[in-house]
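In what follows, a structure is listed as C-alpha cells, so that the remarks can point back to it.
Side chains are part of it too, since the values below use all heavy atoms of this structure and drop only hydrogens, waters and symmetry mates.
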Amino acid sequence: MRWTLKPKPEPSKVEDLKKALQVNDIVATLLLQRGIDSYEVAKTFFRPSFEELHDPFLMKDMGNAVARIETAIAQGESIMVYGDYDVDGTTSVALMSSYLKTRINSVATYIPDRYDEGYGISYKGIDFAHDNDFSLIIALDCGVKAIDKVKYANEKGIDFIICDHHRPGDNLPDAVAVLDPKRDDCEYPFKELCGCGVGFKLITALASNQGETVEDLVEYLDLVATAIGADIVPIVDENRALAYFGLQVINTNPRPGMKAIIAEVKKDELTITDVVFIIAPRINAAGRMKHGNHAVTLLTETDFNLAAEYAMDIDQFNTDRRETDKRITEEALIQIEENNEQEGCTTVVYHETWHKGVIGIVASRLIETYYRPTLVFTKSGDKLAASARSVSGFDVYNALEACSEYIEQFGGHKYAAGLTLLPENYEAFKAKFESVVKETIDPKLLTRELKIDTEIELGEINDKLMRILKQFAPFGPGNLSPTFMTQGLKDTGYGKCVGEDDKHIRLTATQSFNDKIVCIGFGLGDKIDIIKNKKSFSAAYSIDENHWKGNVSLQLKLKDIKE
C-alpha cells in the first residue's frame, strides 16, 4: 500500500480560517482540503439546510414530466412505476409509488427479474403495462439508453418518463421526458444525483404544484439517503443535505420497512456507513437472491408487523447471499491461480454456474486480493453477463467502450459497470480488455493508495477534536472520514494479534510518556513484527470512539503501519 499525503493548504489560508471559525490548525486544514474556505461555506457544511437544494425545474424536461403526470392524475390514468432491482432502483420505485398513491389510486410497481429480463427496461415489462392498460410508465434508475424499448412502448400507445443518472448515449429515447443531470443539454447545477435523487426532484416538482415544499416530503428522505449511500455517489452539494436529513429520518422516524431492518440488527444510531453495510445489503439481497419486488414490498409497507415479517425474509436472503458470494470468490481465486493470471493488469474470470446476483460483489472481493480492474462473468441465457469493478483513479467504463466490438450491451459508471457478450467472443474480449487496460492505466494505480489528510501528534487527539470531526459527517465520496498519520510511535509492550487466525492487531501506542492511546488494526495481524520490541513505527488511521459497558473512549482505527 502506498501512502499519499494530501497537499497542505497555504499557511495564510489556514490562519484566516482558524480566526474566522475559532478552530485549530487540524480542523482548518481538513476544511480547506474539502474546499471549505470561509465562514459562510463552513456554516453550510456544518449546518446543512433545505435551502441548498436546487430548483427541480432547472432540470431539462422537468416541466414536461410534471405536466404529463398531472394529466394522468386528472384523467385517472393507470401509472406504472418501473425501476432497477438494486438499492437505488428499488428505493426509487418505493419513493415514487408511495408519493403518487397520495394523489391517485391506480399506481402499480414493476421490477424486472434479474435473471429472466436483465438490467433496465424490458420488453416483458412493456407488454405487462400494455396488457394491464397502463398508459404511462415512469422509469427510475434506468432507461436513458433504452431507445428501442421506448419506441416499442410508443407503438403500443404507452408514454415514458425516464428518471436516470447514468451517462446517456449519443441519442436519447423518444420519451415524454428524460430527466438526467448527465445529459449534455441539461443545465441542472449538480450532476451527481443518484436515481432515487432524480426521483425525489420529480416529486419535489410535483409537490410544488400543490403548494407544498421540500419540508412536506421529509418522510421520503430515508429512501434517498439509503440510495445515496448504496450507490456511492459523492456526498457533496445537495447530496450532503439529502443524506444529512435522510439520516435524521432513519434514526428518528423511519418508514416501517426501514424500522424492521434496523430492529433486526439492533443498533441505536446509524451512520451513512451503517446504511451502506447494514441496510443496503439487505435491500440488495432481495434482487440478488430472489426478486427486487420483495424490497419494494418491504419499503412501501405501512404496517410494522407485516414489515417485520418481510424483513426476516430479506435477512435470510442476505445470509444466503453472503454464503454464495464467499464460495464463488474462493472458486474465482482458484481459477486465477490455475490460469497463472496473478500478474496481469486485469482480472477476468468466468463460470457458467456462478450466481448472477452476486458477481458484482465477487468482483469487489477479488479486488481486495488482486488490486486491478476486475470482471466476473456467468452464463445468462444464451449470452455471458458480467459485472465490472475498478480501482481508484481508473475509468473502467471507458476501457469497456474500447472493447465494444466484442460486447453486445454495456452500461454503468467510472468504477462499476455491467455488460453482456456472446460466448464465442469471451476469449477475444478478455485479451482485448487486458491489452486496453495495460496500455492506458498508470502502473501506480495497480497498488492500493491510502490518502492521508494530514500529519498530527498523538497529543493533539482529544474529545474536542472528536466532537468537531463527528460534525463532518455524513461521510462518503467527496467527503471521506479524515485519515491521519503519526510518526515515531511505539507500542507500550502489550501489542498482540487478536481475532480468528490472528488476523487483527491490538496495541497501546505512545509518542511520549504522557500520550497513550489504544489502537485496533483490522486485517493487520501480519504486521505484528513492525511493533515488536518497542520499535519505532508510523501509523495511518482514523479516530474512533470505543463504546464499552457504558463508557466511551477514543481509539485509533489503524489503516496501515510502517517501520
Side-chain angles (χ1 to χ4, degrees), residues 1-9 11 14 18 23-34 273 368 371 392 444 447-473 475 480-549 551-563:
M1 188 180 286
R2 57 193 169 95
W3 295 14
T4 305
L5 195 59
K6 291 181 184 174
K8 283 187 174 181
V14 174
K18 274 174 64 179
V23 294
N24 63 18
D25 279 65
I26 297 170
V27 174
T29 297
L30 293 172
L31 290 171
L32 285 164
Q33 287 171 331
R34 285 159 171 71
T273 304
E368 292 170 15
Y371 192 71
S392 181
K444 73 179 184 184
T447 302
R448 195 182 297 274
E449 180 185 27
L450 180 58
K451 290 181 180 176
I452 295 163
D453 291 81
T454 188
E455 183 174 352
I456 63 173
E457 304 292 303
L458 276 196
E460 296 178 283
I461 299 171
N462 53 41
D463 291 332
K464 183 180 179 183
L465 176 64
M466 189 64 199
R467 279 197 302 273
I468 297 172
L469 292 181
K470 284 166 78 173
Q471 292 179 58
F472 277 54
F475 296 115
L480 295 172
S481 176
T483 297
F484 302 102
M485 177 181 80
T486 301
Q487 302 188 66
L489 296 173
K490 289 183 181 178
D491 175 41
T492 56
Y494 299 98
K496 60 183 179 180
C497 290
V498 294
E500 187 182 345
D501 301 325
D502 289 340
K503 278 175 69 173
H504 317 305
I505 192 171
R506 191 178 190 280
L507 65 134
T508 300
T510 180
Q511 197 177 24
S512 65
F513 292 112
N514 297 324
D515 304 319
K516 292 180 182 177
I517 192 163
V518 172
C519 309
I520 183 77
F522 296 106
L524 297 179
D526 59 345
K527 300 199 172 191
I528 187 70
D529 289 344
I530 292 174
I531 68 160
K532 279 184 176 176
N533 305 318
K534 298 190 178 181
K535 287 186 285 193
S536 179
F537 67 94
S538 299
Y541 56 86
S542 59
I543 305 170
D544 195 26
E545 285 183 336
N546 181 34
H547 295 254
W548 177 250
K549 292 185 177 178
N551 296 317
V552 181
S553 59
L554 297 181
Q555 66 178 11
L556 306 188
K557 206 180 231 180
L558 301 177
K559 298 190 175 184
D560 198 16
I561 54 174
K562 288 185 176 180
E563 291 181 16

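The two atoms that bring Val23 and Ala28 nearest to each other are CG2-N, 4.1 Å, heavy atoms only. Nearest approach of Leu507 to Phe537, heavy atoms of both residues: CD1-CZ, 3.7 Å. Between Cys497 and Ile528, the shortest heavy-atom contact is SG-CB, 3.8 Å. Across Asp491 and Ile531, no two heavy atoms sit closer than the pair CB-O, 3.9 Å. Contact between Ala540 and Trp3 at its shortest, heavy atoms only, is N-CH2, 3.7 Å. Closest non-hydrogen pair, Leu458 versus Ala509, comes out as CD1-O, 3.9 Å.
Of the possible polar contacts, none joining the Arg506 side chain to the Val498 backbone as a donor-acceptor pair under 3.5 Å is found. A side-chain donor-acceptor contact under 3.5 Å links His504 to the backbone of Gly523.
With sequence neighbours left out, Asn24 forms a side-chain hydrogen bond (donor to acceptor under 3.5 Å, both in side chains) with no residue at all. Judged as a ring-ring contact (aromatic ring centres under 6.0 Å, His included), and not counting sequence neighbours, Tyr371 has no contacts. Applying the side-chain contact (heavy atoms from CB on, under 4.5 Å) criterion to Thr492, with sequence neighbours excluded, gives Tyr494, Thr508, Thr510, Lys516. For Asp453, the side-chain hydrogen bond (donor to acceptor under 3.5 Å, both in side chains) criterion is met by Lys6, Arg34, not counting sequence neighbours. Among residues two or more places apart in sequence or in another chain, the side-chain contact (heavy atoms from CB on, under 4.5 Å) test is passed with Gln471 by Phe46, Arg47. With sequence neighbours left out, the salt bridge (charged side-chain N to carboxylate O under 4.0 Å, His left out) criterion links Lys535 to no other residue. In this structure, the side-chain contact (heavy atoms from CB on, under 4.5 Å) partners of Ser536, at least two apart in sequence or on a different chain, are Lys490. Lys496 is linked by a salt bridge (charged side-chain N to carboxylate O under 4.0 Å, His left out) to nothing, counting only residues two or more places apart in sequence or in another chain. Qualifying side-chain hydrogen bond (donor to acceptor under 3.5 Å, both in side chains) partners for Glu455, counting only residues two or more places apart in sequence or in other chains: Gln487. With sequence neighbours left out, Asp25 forms a salt bridge (charged side-chain N to carboxylate O under 4.0 Å, His left out) with Lys18.
Between atom OH of residue Tyr541 and atom CG of residue Leu558 there is a gap of 9.5 Å, rounded to the nearest 0.5 Å. One finds the CD1 atom of Ile456 at 10.5 Å from the CE atom of Met485 (value rounded to the nearest 0.5 Å). Here the CG atom belonging to Leu556 is positioned 8.0 Å from the CG atom belonging to Leu489, to the nearest 0.5 angstrom. Summarising the geometry, atom NZ belonging to Lys562 is positioned 8.5 Å from atom OG belonging to Ser538; distances are rounded to the nearest 0.5 Å. Leu450 contributes atom CG, which lies 8.0 Å from atom OG1 of Thr4 (distance to the nearest 0.5 angstrom).
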Check: residues 460-469 side-chain donor-acceptor pairs under 3.5 Å, at least two apart:
residue	atom	partner	partner atom	Å
Glu460	OE1	Glu457	N	2.8
Asn462	OD1	Lys464	N	3.2
Asn462	OD1	Leu465	N	2.8

Handout entry: CA sep, side-chain torsions, deciding dist, call: Phe484, Thr454, side-chain contact (heavy atoms from CB on, under 4.5 Å)
Key = CA-CA 5 Å; Phe484 302 102; Thr454 188; 3.7 Å; yes

Report task. Decide side-chain contact (heavy atoms from CB on, under 4.5 Å) for Phe472 and Leu31; before the verdict, give the C-alpha distance in whole Å, the side-chain angles of both, and the deciding distance to 0.1 Å. Result -> CA-CA 9 Å; Phe472 277 54; Leu31 290 171; 3.6 Å; yes

side-chain contact (heavy atoms from CB on, under 4.5 Å) between Lys559 and Met1: does it pass, once the steps are laid out?
CA-CA 10 Å; Lys559 298 190 175 184; Met1 188 180 286; 5.8 Å; no

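Applying the salt bridge (charged side-chain N to carboxylate O under 4.0 Å, His left out) test to pairs two or more places apart or on separate chains, those with a residue in residues 517-528 are Lys527-Asp560.
Residue Lys8 qualifies as open at atom NZ: its count of foreign heavy atoms under 6.0 Å is 12 or below.
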